[in-house]
Amino acid sequence: MKEEIEQILAEIQALKCQTEKEVEEARVRLLGKKGEITRLFDEFRTISPEMKREFGQRLNVLKKEAMAKIDELRSSAVSAPAASETAFDPTMPGDPMPLGSRHPVSIARQEIVNIFRKFGYDVAEGPEIEDDYHVFEALNFPPNHPARDMQDTFFVSTGHVNPLLLRTHTSSVQVRAMETMKLPIRVICPGRVFRNEAISARAHCIFHQVEGLYIDENVTFADLKQAILLFAREMFGPDTQIRMRPSYFPFTEPSAEVDVSCNICHGKGCNICKGTGWLEILGCGMVDPNVLEASGIDSKKYSGFAFGMGIERIAMLKWQVNDLRHYFENDMRFLREFSSCVEG
Ligand code: DAH
């Protein structure tokens, strides 16, 4: 044991290392679990008590020497150069930047726009901060309609005849289209809308809608039905059926709500369609003559239809997302799910 101790001591004194990696290798060789010094300590346990006194001290000195040397070498060793520092090669391609992807609401919006573009619709946009006239008055809302209440609408200014507010629907853009565009009008208006709603899985205070408007001579309810059916089949698949339920909106007469056959259970009934086989996608109707006249269109000569849909709702149905809040929280795990969806 004595010779071994001497030999290791000599080895320690002569030890030279260039890099941190070499220092670590020397440490493991000497002091690691299976290292030479550790092995001597194991042997030490088996020797006679007289010898223990002599070798105990020597072994402790050896261990201290080894530890001191390792510390010394470590402080002077150079860390291994990073791969990029070894040699700079200007001909190598650069590091790729991770590519983002479009937000699912943008993808759905673009898909809706593309479908209606194919049908010959133009795209129009209007202001998000609107006045009462374009959001309510010109659309035949009675003066005390609940949507005109502070409870439901975010007002920007109050107290005068035509207050400014955050538009509660994109139907306001149909009014602007009727005011400015030449007849016939065939337009869709995508955009952001705001309502004073508590945030939940099914409602949010900010969301997106697409409004559609077609005005010409002799436009009938049959044209509306056909436009919606073609849209639904493009959006949800060629086997999709639609059904219309009578409804009421101040700006259309008659009005309807449209359901599509559930694209998950194909009408058999599942928990997405709550067992009915149908999913509501939009509201629509024939533009009320009062609305045409308010924008200076002769309601005796012209007629038209309008429809409005929530983009998040369409996206939820298309991709079976059950909580609206996913669209606003920007959780990367959710957003990455859509990285391969490219609008057609
Ligand atoms: N503006 C309605 C809403 O926000 C949606 C709507 C319903 C628009 C019927 C229309 C329509 O153009 O005809 O709930």
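Because the structure is a prediction, the values reported are computed rather than measured. Counting starts at 1 for both ligands and their atoms, following the listed order.
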With heavy-atom distances below 4.0 Å as the criterion, list the atoms of ligand 1 near Gly308.
6 (C), 8 (C), 10 (C), 12 (O)
Would you call Glu11 and Arg29 a salt bridge, taking side-chain N to carboxylate O under 4.0 Å as the test?
yes
Mode of Met286 contact toward ligand 1 - side chain, backbone, both, neither (heavy atoms, under 4.0 Å):
neither
Tell me: protein heavy atom nearest atom 12 (O) of ligand 1, and distance?
Glu211 OE2, 2.5 Å
State if Gln174 counts as touching ligand 1 under the rule of any non-hydrogen atom under 4.0 Å.
yes
Pull out every atom of ligand 1 sitting under 4.0 Å from any heavy atom of Thr252, numbered as shown with elements.
13 (O)
Salt bridge present between Glu234 and Lys118 (N-O < 4.0 angstrom)
yes
Going by the atom numbers of ligand 1, which of them fall below 4.0 Å from some non-hydrogen atom of Gln209?
3 (C), 4 (O)
Quick one: do Arg243 and Glu257 make a salt bridge, cutoff under 4.0 Å?
no
Charged N to carboxylate O below 4.0 Å: is that the case for Arg195 and Asp152?
no
To the nearest 0.1 Å, how far is atom 14 (O) of ligand 1 from its closest protein heavy atom, and which atom is that?
Arg195 NH2, 3.7 Å
Would you call Arg313 and Glu280 a salt bridge, using N to O less than 4.0 angstrom?
no
Within ligand 1, which atoms have a heavy atom of Ser171 less than 4.0 Å away?
1 (N), 8 (C)
Among all protein heavy atoms, pick the one closest to atom 2 (C) of ligand 1 and tell me residue, atom and distance.
Phe251 CZ, 3.9 Å
Can you confirm whether more than 12 heavy atoms, excluding those of Asp95, are under 6.0 Å from its CG atom?
no
Does the pair Asp259/Arg245 count as a salt bridge with the N-to-O cut at 4.0 Å?
yes
In terms of side-chain geometry, is the basic nitrogen of Arg27 or Glu24 positioned less than 4.0 Å from the acidic oxygen of its partner?
yes
What atoms of ligand 1 come closer than 4.0 angstrom to any heavy atom of Gly285?
13 (O)
Structural part of Ala306 in contact with ligand 1, heavy atom criterion under 4.0 angstrom:
both
